[in-house]
Amino acid sequence: MDFSTNGSEESELYHAQIHLYKHVYNFVSSMALKSAMELGIADAIHNHGKPMTLPELSSSLKLHPSKVNILYRFLRLLTHNGFFAKTTVKSNEGEEETAYVLTPSSKLLVSGKSTCLSSLVKGALHPSSLDMWGVSKKWFHEDKEQTLFECATGENYWDFLNKDSDSLSMFQDAMAADSRLFKLAIQENKHVFEGLESLVDVAGGTGGVAKLIHEAFPHIKCTVFDQPQVVGNLTGNENLNFVGGDMFKSVPSADAVLLKWVLHDWNDELSLKILKNSKEAISHKGKDGKVIIIDISIDENSDDRGLTELQLEYDVVMLTMFLGKERTKKEWEKLIYDAGFSRYKITPICGFKSLIEVYP
Ligand SMILES: C[S@@+](CC[C@H](N)C(=O)[O-])C[C@H]1O[C@@H](n2cnc3c(N)ncnc32)[C@H](O)[C@@H]1O
């Protein structure tokens with residue numbers, strides 16, 4: 001084989017190598033982030049109340065003294081990746097020392113805050129979501145309509161969650177964490193909820209979003225509708241109640257149906273069923289009823305390549321875990337019209353998701 005190249009071919013080759021290696025080792029950044037979350041680095045810096053030096057951080061985390069340099073190297077990667085920032089402080093002896101501070105991204109790992117996403121990091125990077133990748137070649141060659149998760153474990157992800165209360169809690173906590181960040185989107189899109197007297201949050205989990213809507217619009221009668229094993233033990237109040245059931249059979253009646261992070265779990269056939277049941281649920285309001293979908297609308301032509309990459313990664317997660325999908329605007333339009341709705345409006349929210357108002 002001839003490896004001789006001219007300058008530009010060489011540069012292209014090295015670029016290609018860096019590109020490939022970068023994608024091969026991306027998992028290290030994910031795992032370092034997971035370690036930071038498990039160690040509680042963000043909490044330690046937050047609780048310290050001022051920039052924290054490496055020895056202070058190591059001692060606060062109660063690490064073995066032999067691990068200080070290891071912590072430094074994890075922090076170097078995480079700082080490079082934008083999770084921490086460095087500053088200088090003066091030691092008691094008057095010497096300048098490097099100290100770490102939180103960035104907006106690591107502030108999302110501070111526990112006890114409404115914006116804490118630690119449980120999402122925990123759920124998304126849990127071995128139950130990662131181990132399945134070992135059988136992806138087998139999955140591609142099999143003539144079976146099953147998820148990668150099912151191919152690896154012999155059971156579908158919903159059954160896996162439902163048989164073990166720890167896994168179900170982990171999943172619901174991750175969803176609730178994601179939902180809490182929805183507060184800002186509600187404030188920015190108040191008009192979507194104004195005028196409603198009742199709303200049912202279909203497959204609303206433990207009520208993360210419904211609670212935010214209830215806070216912002218206390219007069220709206222909110223119902224969280226989910227599987228009985230998810231909502232069975234939850235209690236609300238006069239205007240926030242929890243109902244167990246199966247959205248593929250029927251959906252409780254309300255002025256509006258909310259479907260957040262729901263339709264991406266299902267293929268078009270099952271999503272159509274959910275949308276038709278939702279249409280039925282708002283039918284008493286005639287043309288004034290609405291279905292509010294919160295999901296990704298993939299934009300492959302976006303100038304923001306990082307955002308599109310995240311949307312496409314989510315699509316593969318939905319595919320491998322649920323045989324679900326993230327949809328493009330065109331795919332949303334088809335699904336919405338196939339379900340018998342007459343118009344819709346898409347508004348980008350939360351950076352990478354969309355709010356889709358759908359009308360009969
Ligand atoms: C991805 S989670 C979304 C939860 C919530 N909407 C949120 O954004 O936090 C999907 C939810 O669908 C619920 N679910 C699955 N199958 C269901 C069914 N047949 N009827 C009602 N809910 C169901 C699950 O229990 C889970 O809470």
Side-chain angles (χ1 to χ4, degrees), residues 114-117 119-120 122-124 126 128-129 147 149 155-186 199-214 222-234 240-254 256-267 269-278 280-281 291-296 314-315 317-327 349-350 352-356:
S114 62
T115 50
C116 181
L117 287 178
S119 43
L120 186 112
K122 184 177 173 192
H126 190 265
S128 59
S129 309
T147 59
F149 185 88
E155 63 184 340
N156 82 39
Y157 192 63
W158 295 117
D159 291 341
F160 160 75
L161 291 181
N162 287 333
K163 76 164 199 265
D164 168 21
S165 61
D166 285 348
S167 305
L168 186 60
S169 300
M170 183 176 75
F171 178 79
Q172 292 298 347
D173 288 351
M175 291 300 109
D178 178 77
S179 291
R180 283 192 296 269
L181 286 199
F182 193 59
K183 191 172 185 158
L184 197 61
I186 295 176
L199 175 141
V200 57
D201 186 3
V202 171
T206 49
V209 172
K211 283 176 196 158
L212 295 175
I213 296 173
H214 178 58
C222 288
T223 301
V224 181
F225 180 70
D226 205 293
Q227 301 183 92
Q229 61 272 34
V230 175
V231 292
N233 294 327
L234 302 177
L240 177 69
N241 70 317
F242 294 86
V243 174
D246 180 356
M247 63 188 169
F248 293 106
K249 292 196 174 132
S250 68
V251 164
S253 168
V257 165
L258 177 68
L259 292 163
K260 176 183 164 282
W261 260 178
V262 177
L263 297 177
H264 73 169
D265 291 340
W266 308 97
N267 63 23
E269 189 189 339
L270 292 166
S271 293
L272 211 52
K273 183 87 193 130
I274 299 168
L275 274 177
K276 284 182 176 168
N277 286 347
S278 301
E280 181 61 36
V291 174
I292 305 159
I293 300 169
I294 314 286
D295 249 318
I296 281 172
Y314 250 104
D315 178 54
V317 172
M318 292 306 129
L319 170 68
T320 51
M321 306 283 284
F322 303 107
L323 288 182
K325 66 197 278 198
E326 302 299 351
R327 296 174 168 92
I349 53 157
C350 305
F352 72 109
K353 298 174 198 162
S354 285
L355 186 152
I356 312 174

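Order of appearance sets the numbers: ligands from 1, and atoms from 1 within every ligand. Bear in mind that the values here come from a model prediction, so they are computed numbers and not experimental data.
- The distance from atom CZ of Phe248 to atom NZ of Lys276, rounded to the nearest 0.5 Å, is 13.5 Å.
- Among protein heavy atoms, atom 23 (C) of ligand 1 sits closest to Gln227 CG, 3.5 Å.
- Close N/O approach between His264 and ligand 1 is not found [any backbone or side-chain N/O within under 3.5 Å].
- Protein heavy atom at the shortest distance from atom 2 (S) of ligand 1 is Met175 SD, 3.8 Å.
- Between Trp158 and ligand 1, no N or O atom pair is found at a separation short of 3.5 Å.
- Every atom of ligand 1 is numbered from 1 in the order shown, and the set under 4.0 Å from a heavy atom of Ala203 is 3 (C), 4 (C), 5 (C), 6 (N), 11 (C), 12 (O), 13 (C), 22 (N).
- Look at Gly208 and you'll find every heavy atom at least 4.0 Å from all atoms of ligand 1.
- Atom 8 (O) of ligand 1 has its closest protein heavy atom at Lys260 NZ, 2.8 Å.
- The Trp261 neighbourhood of ligand 1 comprises atoms 1 (C), 2 (S), 3 (C), 8 (O), with distances under 4.0 Å to a heavy atom of that residue.
- Polar contact check, Ser179 against ligand 1: a nitrogen or oxygen pair lies under 3.5 Å apart.
- Near Phe248, meaning under 4.0 Å from one of its heavy atoms, ligand 1 places the atoms 19 (N).
- For the pair Met247 and ligand 1, the shortest N or O to N or O distance falls below 3.5 Å.
- For ligand 1, the atoms lying closer than 4.0 Å to a non-hydrogen atom of Gln172 are 25 (O), 26 (C), 27 (O).
- Heavy-atom proximity to Gly245, at under 4.0 Å, picks out these atoms of ligand 1: 20 (N), 21 (C).
- Only side-chain heavy atoms of Trp266 come within less than 4.0 Å of ligand 1; its backbone N, CA, C and O stay farther off.
- Side-chain N/O atoms of Ser114 and Lys183 include no donor and acceptor closer than 3.5 Å.
- Contacts between Asp265 and ligand 1 below 4.0 angstrom, taking non-hydrogen atoms only, involve the side chain exclusively.
- Remark: ligand 1 and Asp226 share an N or O pair separated by less than 3.5 Å (distance only, no angle test).
- For the residue pair Asn277 and Ser250, no side-chain donor N or O sits within less than 3.5 Å of a side-chain acceptor on the partner.
- The only option from Leu240, Ile213, Val209, Asp226 that meets the side-chain contact (heavy atoms from CB on, under 4.5 Å) definition with Asp201 turns out to be Val209.
- Counting heavy atoms under 4.0 Å from ligand 1, residue Asp246 touches it through both backbone and side chain.
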